[in-house]
Amino acid sequence: MKKNTYSGIRTIAIHGGEGPDPATNASAPPLHMSSTFVSEEAAGFSAHDLKDDSPWLYARWANPTVSMLEKKIAEIEGVEDALCTASGMAAATAIFMTFLSSGDHVIVSDVSYAGVAELARDTLPRFGIETTFVDMSDLNALNNAVKKNTKLIHIESPVNPILRLTDVRAVKKIANQVGAILSADCTFATPLGMRASKLGIDLIMHSATKYLCGHGDAVGGIIAGSRSLIGKLRLEAGIHHGGVMSPFNAWLIARGVSTLPLRMEAHEKNAMIIANWLEKHPNVTDVKYPGLESHPQHKLAEEQMNNFSAMLSFQVGDESVGKALANKMASKLEVIHYAVSLGHHRSLIFWMPTEELINGSFRLSNIQAKSYKAFAGDGIFRMSVGLEDPEDLILDLERVL
Ligand SMILES: *Cc1c(COP(=O)(O)O)cnc(C)c1O
């Protein structure tokens with residue numbers, strides 16, 4: 001493969017994985033919707049025959065538009081390879097089902113994206129996989145949880161929805177003691193917020209539905225890492241389990257990724273303005289944003305993050321006050337959409353009641369519940385600060401607060 005002469009992240013986001021189309025000289029990347037490709041010779045039909053230089057054969061194995069996005073992300077993350085999946089959840093499932101077998105032990109962050117939390121608690125044990133859930137900001141707890149058969153440690157930083165951070169370098173040291181793979185859901189941080197491979201993450205996972213796409217119009221997932229780990233994922237999760245990304249979504253997401261560095265600068269700027277404004281508001285009792293000095297792990301955020309991204313949470317009082325405000329938001333907000341999801345150019349906000357989450361998705365008790373409540377009180381508004389004018393976002397929030 002030709003080696004690039006450029007190294008700037010904005011250049012890589014735009015040109016990585018792409019180039020003028022050899023068939024037409026088109027400057028923009030082509031969208032190849034084809035599910036199959038005409039063979040020039042009789043070829044094998046086992047996934048085990050797939051090589052780096054294999055011709056295009058069938059779109060579940062590889063598709064030129066999807067491969068273009070995979071190369072772009074691998075270049076941005078500074079790793080050898082990447083695999084696109086149908087959704088962020090398909091990426092998480094791919095990691096668990098490729099690298100864990102019956103009798104293996106996995107340690108998963110006690111708080112995580114709710115779908116991942118439920119998958120790890122409800123599905124993995126059915127396959128004979130032993131699970132432990134650990135507050136990853138408590139390194140003693142993690143040290144006590146690792147065992148000889150720990151094959152995988154799965155973290156998320158900042159963690160959805162409470163924005164607690166994980167010291168990735170410290171977790172990597174613990175993973176190395178038992179030779180466990182370290183996978184991290186980096187959706188909130190984005191490739192710009194954390195230089196994941198430099199911090200030692202083996203499998204860098206994103207819900208591409210969020211910041212990578214950036215416009216709220218495509219669902220997808222991605223995992224980036226070494227050629228050998230991604231090769232295993234491509235064989236099992238891609239070709240056999242089959243949760244691959246559609247070329248159309250890959251094309252939309254690649255278009256989004258081209259402006260990711262610029263968008264993240266603007267997202268962070270807006271989030272900082274909103275977080276500071278919320279912190280001063282008399283009806284707001286608490287704000288959590290890694291970029292604020294008041295964040296309990298702000299120092300770690302400064303050490304480990306290059307961009308604080310634009311996810312923040314705030315509290316307004318007890319559960320009933322929060323719920324009443326959520327209802328008001330749903331009917332009165334004009335610019336900010338009261339909706340789940342995040343990372344879009346449009347600002348999004350959603351109410352996350354603590355009791356429901358810690359009893360439903362996370363099933364936390366004792367010190368884990370206490371740590372959750374230290375970040376989230378009785379409930380939080382999770383806000384994904386978009387790219388609108390901050391003055392308009394403030395007017396919108398002022399209207400309801
Ligand atoms: C949205 C999200 C997911 C799941 O991604 P989908 O694309 O919705 O399947 C996983 N992790 C995090 C942190 C998310 O925000």
Side-chain angles (χ1 to χ4, degrees), residues 66 69 73 82-97 108-123 133 136 154-166 168 183-194 196 201 203-224 237-238 241-246 248-250 252-253 256-257 260 264 267 271 288 290 305 308-313 337 339-344 346-350 352 357 361-362 375-376 380-386:
V66 178
L69 175 59
I73 298 291
L83 176 77
C84 286
T85 55
S87 66
M89 278 310 297
T93 307
I95 291 170
F96 291 146
M97 291 307 188
V108 181
S109 174
D110 68 336
V111 181
S112 66
Y113 179 72
V116 173
E118 291 171 15
L119 170 74
R121 284 162 179 79
D122 298 335
T123 307
F133 299 92
M136 295 288 176
H154 181 77
I155 61 171
E156 200 175 306
S157 188
V159 74
N160 177 40
I162 60 175
L163 296 156
R164 193 174 64 198
L165 307 186
T166 299
V168 180
S183 71
D185 185 335
C186 301
T187 303
F188 271 35
T190 84
L192 275 295
M194 259 194 336
I201 297 164
L203 294 168
I204 307 160
M205 179 204 133
H206 296 279
S207 165
T209 315
K210 316 294 170 55
Y211 286 101
L212 297 182
C213 173
H215 297 78
D217 49 16
V219 170
I222 197 146
I223 308 156
H241 307 165
V244 296
M245 183 184 281
S246 114
F248 185 45
N249 282 12
L252 283 170
I253 292 166
V257 169
L260 183 70
M264 292 319 296
H267 271 301
K288 289 277 186 291
M305 299 184 79
F308 297 122
S309 195
M311 294 305 299
L312 59 83
S313 75
H337 286 183
V340 294
S341 203
L342 56 108
H344 305 173
R346 297 177 197 91
S347 291
L348 305 171
I349 201 163
F350 210 73
M352 309 250 164
L357 276 168
S361 300
F362 303 134
F375 273 80
I380 47 173
F381 287 90
R382 185 189 71 181
M383 183 170 180
S384 169
V385 181

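Every number for a ligand or one of its atoms is a count from 1 in the order of the listing. The figures that follow rest on heavy atoms only: side chains count, while hydrogens, waters and symmetry mates do not. This one's a predicted model, so the numbers in the text were calculated from it and none came from an experiment.
Here M136 contributes atom CE and E156 contributes atom CD; the two are 10.5 Å apart, rounded to the nearest 0.5 Å.
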Dump the pairs for me: ligand 1 N or O, protein N or O, distance under 3.5 Å, to 0.1 Å.
from     : atom 1 : to   : atom 2 : distance (Å)
ligand 1 : 5 (O)  : S207 : OG     : 3.0
ligand 1 : 7 (O)  : G88  : N      : 2.8
ligand 1 : 7 (O)  : S207 : OG     : 2.8
ligand 1 : 7 (O)  : T209 : OG1    : 2.6
ligand 1 : 9 (O)  : G88  : N      : 3.0
ligand 1 : 9 (O)  : M89  : N      : 2.8
ligand 1 : 11 (N) : D185 : OD2    : 2.6
ligand 1 : 15 (O) : K210 : NZ     : 2.8

From CA spacing to verdict: side chain to side chain contact (heavy atoms under 4.5 Å, CB included), L163, M311: CA-CA 8 Å; L163 296 156; M311 294 305 299; 3.9 Å; yes
Audit row: M194, V168, side chain to side chain contact (heavy atoms under 4.5 Å, CB included) steps and yes/no: CA-CA 10 Å; M194 259 194 336; V168 180; 4.1 Å; yes
Audit row: Y211, H267, ring pair (Phe, Tyr, Trp, His ring centres under 6.0 Å) steps and yes/no: CA-CA 10 Å; Y211 286 101; H267 271 301; 5.1 Å; yes
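With 3.5 Å as the limit, one finds a donor-acceptor pair spanning the side chains of H154 and S183.
Every pair passing salt bridge (charged side-chain N to carboxylate O under 4.0 Å, His left out) that includes a residue from residues 109-120 is listed here, sequence neighbours excluded: D110-R164.
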